[in-house]
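Structure, as structure tokens:
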Amino acid sequence: MNYDIDYLNLLAQQYPTVKSASREIINIQSRQKLPKITEHFMSDIHGEYESFLHILKNASGVIKDKITTTYGRTLSEHDRQILATLIYYPEQKLELIKNEISDLNDWYKITLYRLIEICRVVASKYTRAKIRGFLPESFGDIIDELIHSNTDYGTDKASYYNELINTIVELNQADDFIVEISTLIQTLAIGKLHIIGDIFDRGPRADIILDTLINYHDVDIQWGNHDVEWMGAAAGSLACIANVIAISTKYSNFYCLEDGYGINMRPLTVFAMETYADDPCECFALRNPNQVHISQHDENFWSKIHKAISVICFKLEGQIIQRHPEFQMDSHLMLDKIDYDKGTITLDGKIYQLKDTNFPTVNPDSPFELTAEEKELMELLRASFTRSEKLQRHARFLYEKGSIYLAYNNNLLYHGCIPMNSDGSFKEVTLCGEKVSGKSLMDKCEQIARDGYFGKQGSKEKEYGKDFLWFLWCGCYSPVYGKNKMTSFERYFINDESTWIEIKDEYYHLIEDASICDKILKEFGIDCNEFSHIINGHVPVKIKKGESPIHAGGKLLVIDGGLSKAYQTVTGIAGYTLLFNSHGLLLSAHGAFESIESAIQKEMDIHSTLDVIDLAPNRLLVKDTDAGKAQSKKIDDLKALADAYHKGKVKQT
């Protein structure tokens, strides 16, 4: 063997003897033969926290499937559903069950046996050492013993097993034990969670989703354009802040801003009521997909706020576009194209009548300039966003666990697109004086986005990065947006729907071609074999119109199925989860979720249909994964260390 003695000496600090190195080789090499854990992919959650949390709890239907496999012949469907609900919501379901059961001790014993068996099934892909890392402090040793006990050994072992269960019940610890083991089942059922963008906006409580993800055992995030918009707001970008408030107001989503992040909306409400007191603001009527109760008075009140922040938003966006001609976004500039006397706007040589002609804060000679009152208001809002401890914690988490793209286990994950030309070449753009395309464009976008948050206060890098976070939200070659423009102004003010059109990047026309998908995979260093895929979100799949989430013969999967209520009438379903287990890729299409209350009281689970997308040619083991390949390299290094010990080239200590 050729030795890197300096490296082996460093490795020897961790494994100082032949025995310690050999023990680690044995541990790693045996783990390589386990089936790969199940990865779950979700996208476009858009604040729908109840549906999202329920899907995590039921592991996209995996837990119910394990119950059916284990007890399909011995339990009725109703009893299996009660057991499933108990696993999803143990504390709440226990309270209901205890009021209905006459012989509670007997029920406890039977239920504990069933939960232990389900836990044993979902734990089968993990080493005992890995499971110990998930075990609760209170009952960890007992759960470890129970799920690894073999009751077929004989009477002594079976008696020991039974006595553990009996003692748990006798000491009135059954409730706590059920809660702990149910939580463990939920954890083990999802080995790794991938969120492919758009956690924020439209739905009621993105902050609750992020609180959950921060505490999740293994998660990564590929940023969507709605995520970078909030990241920009957390960084202090005024344009991002205005957009965040405008969208939250538009979708009647006040709780996330005020209750979730503690954003002080009073300065904006005072400004809006003073500025638009006599304006009905009909073009800014609220949408209410989440059916929040709002009185007519409050609808009028929030419409004024919606208009006030939207006009400010158009001004701030115009300032960024004028500062950065390299963004190529002049087509977004609107306020300078209005004839304020006639109430019309000229776009591409055509004149359109505006639906709303009241612009009391716009100076026609300098339409993108904020008034003194607007400047003061925006600085107050910036202070509220940058000082929100919870928002800053969530933003840091998005940077820590997030990225523009991720290459993982032979799959390429990103939210939107890889900007392309019609001939299938990668679109080349210039960012910070550097020509980039394909992977280098994605890498450069991520670097600038990080500068916008982590850059030194007042530095050119930070200021440019903050503007760039807004560009990523809606820019013409932004990989997380993927359209030529965002036509918000036109939708508010112009009746002619031909002005509302947002043209998708050429990428979306090209991805039906498997060779284009292979080209993209190669660009990111992924082997283009029969079991490599691109996984996207961003574009809702309109199942009711015959669209499919599967493209290019299965090479590319779009998993935005409309988890957000705002999209469900368009898609016809209520979200997708993609599962990648040791057998292959499966797509779970979800029905609408009624409520947590119905799930607990009526066992109303989300109805999911599971379809096989791509079967692996052979069952996938840990050794076939990225982690397994890294472990194989470590085995080689440890074997070299052991050999060096034997030959005296490295000293044992």
Using a 6.0 Å cut-off, check whether atom [atom1] of [X] has over 12 heavy atoms from anything other than its own residue.
X: D79; atom1: CG; result: yes
X: K130; atom1: NZ; result: no
X: R73; atom1: CZ; result: no
X: E77; atom1: CD; result: no
X: E137; atom1: CD; result: no
X: K634; atom1: NZ; result: yes
X: Q601; atom1: CD; result: yes
X: K19; atom1: NZ; result: no

**OP:** I would like to know whether I208 and L53 meet side chain to side chain contact (heavy atoms under 4.5 Å, CB included); could you show each step before the answer?
**Re:** CA-CA 9 Å; I208 293 176; L53 295 181; 4.2 Å; yes

Compare all side-chain heavy atoms of [X] with those of [Y] and state whether any distance is below 4.5 angstrom.
X: L94; Y: L86; answer: yes
X: I63; Y: K66; answer: no
X: W223; Y: H415; answer: no
X: I37; Y: Y126; answer: yes
X: I418; Y: I534; answer: no
X: Y88; Y: K64; answer: yes
X: I178; Y: Y108; answer: yes
X: F580; Y: L620; answer: yes

Judged by atom type as modelled, is there a donor-acceptor pair below 3.5 Å linking the side chain of [X] to the main-chain atoms of [Y]?
X: D198; Y: N225; answer: yes
X: S124; Y: V121; answer: yes
X: N409; Y: D626; answer: yes
X: D44; Y: H538; answer: yes
X: Q652; Y: V18; answer: yes
X: Q186; Y: K57; answer: no
X: R80; Y: L75; answer: yes
X: D527; Y: N529; answer: no

Original post:
Yes or no on side chain to side chain contact (heavy atoms under 4.5 Å, CB included) for N581 and K125, after CA distance, side-chain angles and deciding distance?
Top reply: CA-CA 10 Å; N581 61 24; K125 292 184 178 181; 3.8 Å; yes

Could you tell me if [Y] and [X] have a donor-acceptor pair between their side chains, going purely by distance under 3.5 Å?
X: N411; Y: H533; result: yes
X: Q392; Y: Y453; result: yes
X: S403; Y: E446; result: no
X: D220; Y: H194; result: yes
X: H394; Y: D207; result: no
X: Y113; Y: N162; result: yes

Approximate separation, where rounding is to 0.5 Å, of [X] [atom1] and [Y] [atom2]:
X: S60; Y: L579; atom1: OG; atom2: CG; result: 5.0 Å
X: L115; Y: I147; atom1: CG; atom2: CD1; result: 12.0 Å
X: I195; Y: I209; atom1: CD1; atom2: CD1; result: 8.5 Å
X: I404; Y: Y414; atom1: CD1; atom2: OH; result: 12.5 Å
X: L412; Y: I526; atom1: CG; atom2: CD1; result: 4.5 Å
X: L83; Y: I67; atom1: CG; atom2: CD1; result: 4.0 Å

Original post:
Does the ring center of H46 lie less than 6.0 Å from the ring center of F52?
Top reply: no

Original post:
Can you name the one residue among L563, I45, I596, L56 that meets side chain to side chain contact (heavy atoms under 4.5 Å, CB included) with S51?
Top reply: L563

Might you point out which heavy atoms bring [X] and [Y] nearest each other, and give the distance in Å?
X: K522; Y: C528; answer: CG-SG, 3.3 Å
X: G628; Y: Q32; answer: O-NE2, 3.1 Å
X: A514; Y: K555; answer: CB-CG, 4.3 Å
X: H551; Y: P549; answer: CD2-O, 3.4 Å
X: L146; Y: I116; answer: CD1-CD1, 3.6 Å
X: I131; Y: A123; answer: CD1-CB, 3.5 Å

Subject >> salt bridge (charged side-chain N to carboxylate O under 4.0 Å, His left out) against E170, all qualifying residues, sequence neighbours excluded >> reply: none

Electrostatic pair [X]-[Y], nearest N-O below 4.0 angstrom:
X: D624; Y: K36; answer: no
X: E117; Y: R114; answer: no
X: K639; Y: D643; answer: no

**OP:** Determine, step by step, whether D65 and T69 satisfy the side chain to side chain contact (heavy atoms under 4.5 Å, CB included) criterion, reporting the C-alpha distance in whole Å, the side-chain angles of both residues, the deciding distance to 0.1 Å, and the verdict.
**Re:** CA-CA 6 Å; D65 181 64; T69 301; 4.2 Å; yes

Original post:
Aromatic rings H54 and Y89: how do their planes relate, parallel, tilted or perpendicular, breaks at 30° and 60°?
Top reply: parallel

**OP:** Could you list the residues that satisfy ring-ring contact (aromatic ring centres under 6.0 Å, His included) with H646, not counting sequence neighbours?
**Re:** none

Original post:
How would you list, by chain and number, every residue that makes a side-chain contact (heavy atoms from CB on, under 4.5 Å) with A644, sequence neighbours excluded?
Top reply: Y3, L8, K649, V650

Original post:
Does the cation-pi check pass for K401 over Y216, that is, NZ or CZ under 6.0 Å from the six-membered ring centre and within 45° of its axis?
Top reply: no

**OP:** I would like to know whether K390 and L210 meet side chain to side chain contact (heavy atoms under 4.5 Å, CB included); could you show each step before the answer?
**Re:** CA-CA 10 Å; K390 188 174 184 179; L210 278 157; over 6 Å; no

Original post:
Can you name the one residue among Y399, F397, F200 that meets ring-ring contact (aromatic ring centres under 6.0 Å, His included) with W230?
Top reply: F200

